Amino acid sequence: MNPRPHAIDDVVAILRNARHVVVFTGAGVSAESGIPTFRDALTGLWERFDVAELASADGFRRDPELVWGWYEWRRMSVMRAQPNAAHRAIAALAREVPKLTLVTQNVDDLHERAGSEGALHLHGSLFAPRCFECGQPASLAHLPDEPDGGRRLAPPRCSHCGGALRPGVVWFGEMLPEDVLGQAFEAARACELLLSVGTSSVVFPAAQIPIDAHRAGATVVQINPNATDLDAIADFNMRGTAANLLPEFVGRALPPT
Ligand code: OAD
């Protein structure tokens, strides 16, 4: 269903006047780049596994090759993908509004590759591994030569202590990075407009961010083809895909070049 035309006009007017905008994104913003969502990524070799087994410290301890293989396969799918029109529209908006804070739950780097700077990655990154034992950050220089279906893979060793490297993402049962989360909440409470794009709004504490923005008086606009828990409090629920709707809002709100 397409949003009502006057709802789009209202959102464009709010966007034009906002001095501080928060854009809060989830897996849906990368869907049109062909990145499978978390649960959709459980295919092929990993079909019979539970997410808690693949995305937890216990799972990694039990079977590091399985877990590392899954993350390398996901990293490779991201490296093969390209940012889409929604990522680009967000980067363009950031260049025009007085202040924009980008908060993402995604572990891909498509916002950065579209030109966004300073995105707050609440759930970490596929590209920032660290040692499972000593926590020392590491880098992954090479594109993994992955078969399409993925494979089990031994994690590289830490150059500091020889421990196994783990992906730099937030796993089940782990805390979100405190400084990043703090900055996201601070922005949510200070902004005038929060755009929630492509998130099911069920995973806390991230899902609290638009709720706090609403409580602090911001206008909350949601872009999602499906209903979510946020529908009840959003001022505007725009039913459509991110790559369709965001460029339209942003294109109409920005000054013509
Ligand atoms: P989900 O997979 O839970 O939700 C994706 C949302 O995107 C759904 O509401 C879809 O309707 C919507 N969607 C799908 N295609 C879209 C499109 N083209 N445009 C706009 N929206 C679209 O993903 P997240 O909400 O990001 O956490 O999930 C949050 C967290 O749950 C993830 O970061 C991950 C997972 O557990 C961790 O890894 C810690």
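The first residue of the sequence shown is numbered 1, and numbering continues consecutively from there. Just so you know, ligand 1 is whichever comes first in the structure, and atom 1 is the first atom listed for that ligand. The structure displayed is predicted, hence computed values, not measured ones.
With hydrogens and angles disregarded, no donor-acceptor distance shorter than 3.5 Å links the side chain of H20 to the backbone of P98. Listed for the T228 side chain is a donor-acceptor partner under 3.5 Å among the backbone atoms of L230. Of the possible donor and acceptor atoms, one in the side chain of S56 sits under 3.5 Å from a partner among the backbone N and O of G59. Between the side chain of D50 and the backbone N or O of A52 there is at least one donor-acceptor pair closer than 3.5 Å.
Residue T241 has at least one heavy-atom neighbour below 4.0 Å for each of these atoms of ligand 1: 17 (C), 18 (N), 19 (N). Against a heavy-atom cut-off of under 4.0 Å, E32 is close to the following atoms of ligand 1: 17 (C), 18 (N), 19 (N). Numbered from 1 in the order shown, with element, the atoms of ligand 1 that lie under 4.0 Å from a heavy atom of V170 read 39 (C). Heavy-atom contacts of N226 reach the following atoms of ligand 1: 10 (C), 11 (O) (cutoff under 4.0 Å). Close approach to A27 involves these atoms of ligand 1, each under 4.0 Å from a residue heavy atom: 23 (O), 24 (P), 26 (O).
The shortest N or O to N or O distance between H123 and ligand 1 is below 3.5 Å. For ligand 1, the polar-atom distance check against I223 finds no nitrogen or oxygen pair separated by under 3.5 Å. Polar contact with ligand 1: present for N224 (N/O pair, distance under 3.5 Å).
Remark: A188 pairs with I209, A213 by the side-chain contact (heavy atoms from CB on, under 4.5 Å) rule, at least two apart or across chains. N244 meets the side-chain contact (heavy atoms from CB on, under 4.5 Å) test with T241; sequence neighbours excluded.
Looking at Q105 against ligand 1, both its backbone and its side chain come within 4.0 Å, counting heavy atoms. Both the backbone and the side chain of T199 come within 4.0 Å of ligand 1, counting heavy atoms alone.
Distances from atom 28 (O) of ligand 1 to the heavy atoms of P225, G240, S200, G28 put S200 nearest. Comparing heavy-atom distances from atom 5 (C) of ligand 1 across S33, G198, G26, A31 singles out G198 as nearest.
Comment: R252 engages D9 in a salt bridge, judged by a side-chain N to carboxylate O separation of less than 4.0 angstrom. Of the charged side-chain nitrogens involved, at least one lies within less than 4.0 Å of a carboxylate oxygen, so that D63 and R152 count as a salt-bridged pair.
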